[in-house]
Amino acid sequence: MNKPGTNSPRPDKLGVGVIGANRWAQSAHLPAFAAHERVDLVAICDVLPERARAMQAQFGAAKVYFDHRELLADPRIQAVDVCTPTQTHLALSLDAIAAGKHVLCEKPLHTQAGPAFAAAAAAAEKGVRTKLGFTFRYSPAIRQIKRWIADGVLGDIFHIHGFEQNSQFLDPDFPLRQLAPDAPRDRLVPASIIGYGSHLLDLMRWLGGEFQSVAATMRNFVPERQVLGMSGRQKIQVEDATVALVEFASGAQGLVQSSYIAVGNYPGVEIRVYGSKGAAIARLITEGGIAETLKRASAEAVEFKDVILGPEHYPKGTTLSTPWPELYYRNLIRHFVDEILEDKAQECTFYDGAKSQQIVDAIIAAHAERRWIRLPDGAA
Ligand SMILES: NC(=O)c1ccc[n+]([C@@H]2O[C@H](COP(=O)([O-])OP(=O)(O)OC[C@H]3O[C@@H](n4cnc5c(N)ncnc54)[C@H](O)[C@@H]3O)[C@@H](O)[C@H]2O)c1
């Protein structure tokens, strides 16, 4: 295998195996691998044989497996994609790392930061690449804001505000997915801040640097709801929404809201950055058939104006009218594959996933203890 930092010849194509072949794999991961001209989709694995076979036929994989260990033993596979339920992410990723495969894993890697940091260290030790499925880092609008910050266009950054608000689980009879079967019934169960907030916190950290301290309030708004795999409405105090205040190590201020009971379309991500020279707002909210909008203002001309990015900002064959899961994931997978094949610096790694989880943990502690929580180091 071509490991980062070695002088071995670079292969033309990357052999990929995908583990987990249901809804999200079908709408985001598999179309993205199928569209990349330098990917050889070697195998699809699912514990449900009929699902694996159907996806093999649809996306043209050479093999199917029903046990991930068989997929990991396939020497044609250099990179593994873990797109299974959350509680399986860490174990499958660690097995893939041990087998010497590069790994893309859906978020969250784990619902505690410690094991996620350990997985990042294991990958570094083994010399394999990792990427975490933080979809919204691969929004063309968000990447443009990142460039504006790096190039100094926005000046010194004062405020970074992040929202992930949609009404996916406003209806108590629409079954909630992200809940462990053994979730406690006598206390608040963090949910929106883990499922959605982890994306948002990663974006804010990517744009604004390390978090120094957080204060937060979390609440359950829908007292009884249907939960996938359980029959009838359940009295579980699911955390439907969180608001947090952030002090960045740089001195910038931030505001966070994650909510899946706030009326609005999916995915409902909005990032606002305000600096000494200008400001930018990216809205990743599907409206009028358009996946996202980007606006910018400057200190001299304070009215926000639309910014239209050129086609070079979009994966080949996509436009702003491409459904967001495919648009962003094609970009994410393009980066994952190119970083490996071209030995480029990696970004959005398991380490970043662990850092995001650490902030989630601090927000949960800040709510529980009703006080500001300082992050362990406040530095990279
Ligand atoms: N990044 C994003 O924006 C985003 C969006 C949606 C979903 N997700 C995440 O993607 C993941 C998959 O989502 P989904 O809705 O498709 O989940 P799902 O539960 O519907 O499907 C998971 C699939 O994995 C299979 N599976 C389970 N354990 C397996 C194992 N050990 N080996 C092989 N196959 C196994 C199941 O049979 C199923 O087909 C979840 O972690 C979810 O949180 C991320």
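Both counts, for ligands and for their atoms, begin at 1 and track the order of listing. No hydrogens, no waters, no symmetry mates; every other heavy atom, side chains included, goes into these values. Keep in mind it's a predicted model, so treat the numbers as computed, not measured.
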Can you sort out the partners of Gln56 under side-chain hydrogen bond (donor to acceptor under 3.5 Å, both in side chains), two or more places apart, ordered by chain and number?
->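 With sequence neighbours excluded, Gln56 shows a side-chain hydrogen bond (donor to acceptor under 3.5 Å, both in side chains) to no residue whatsoever.
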Can you give the donor-acceptor pairs under 3.5 Å from side chains of residues 111-120 to other protein atoms, not counting sequence neighbours?
none

List the atom of Cys83, the atom of Trp24, and the distance in Å for their closest heavy-atom pair.
->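 Between these two residues, the closest heavy atoms are SG-CD1, 3.8 Å.
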Under 3.5 Å, sequence neighbours excluded: what are the donor-acceptor pairs made by side chains of residues 305-312?
unit_1, atom_1, unit_2, atom_2, d
Asp306, OD1, Lys295, NZ, 2.9

Taking atom CZ of Arg185 as the centre, does the number of heavy atoms from other residues, nucleotides or ligands within less than 6.0 Å exceed 12?
->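 Correct, the count exceeds 12.
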Parallel, tilted or perpendicular for Tyr196 and Tyr260, by the 30°/60° rule?
->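 Geometry flag for Tyr260 against Tyr196: perpendicular rings.
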Distances under 3.5 Å, N/O of ligand 1 against N/O of the protein: list each pair and its distance.
unit_1, atom_1, unit_2, atom_2, d
ligand 1, 1 (N), Glu106, OE1, 3.0
ligand 1, 1 (N), Gly133, O, 3.1
ligand 1, 1 (N), Thr135, OG1, 2.8
ligand 1, 3 (O), Thr135, OG1, 2.8
ligand 1, 15 (O), Arg23, NE, 3.3
ligand 1, 15 (O), Arg23, NH2, 3.2
ligand 1, 16 (O), Arg23, N, 3.4
ligand 1, 16 (O), Trp24, N, 2.9
ligand 1, 20 (O), Asn22, ND2, 2.8
ligand 1, 34 (N), Val47, N, 3.4
ligand 1, 37 (O), Asp46, OD1, 2.6
ligand 1, 39 (O), Asp46, OD1, 3.3
ligand 1, 39 (O), Asp46, OD2, 2.6
ligand 1, 39 (O), Arg51, NH1, 2.6
ligand 1, 41 (O), Thr84, O, 3.0
ligand 1, 41 (O), His89, NE2, 2.9

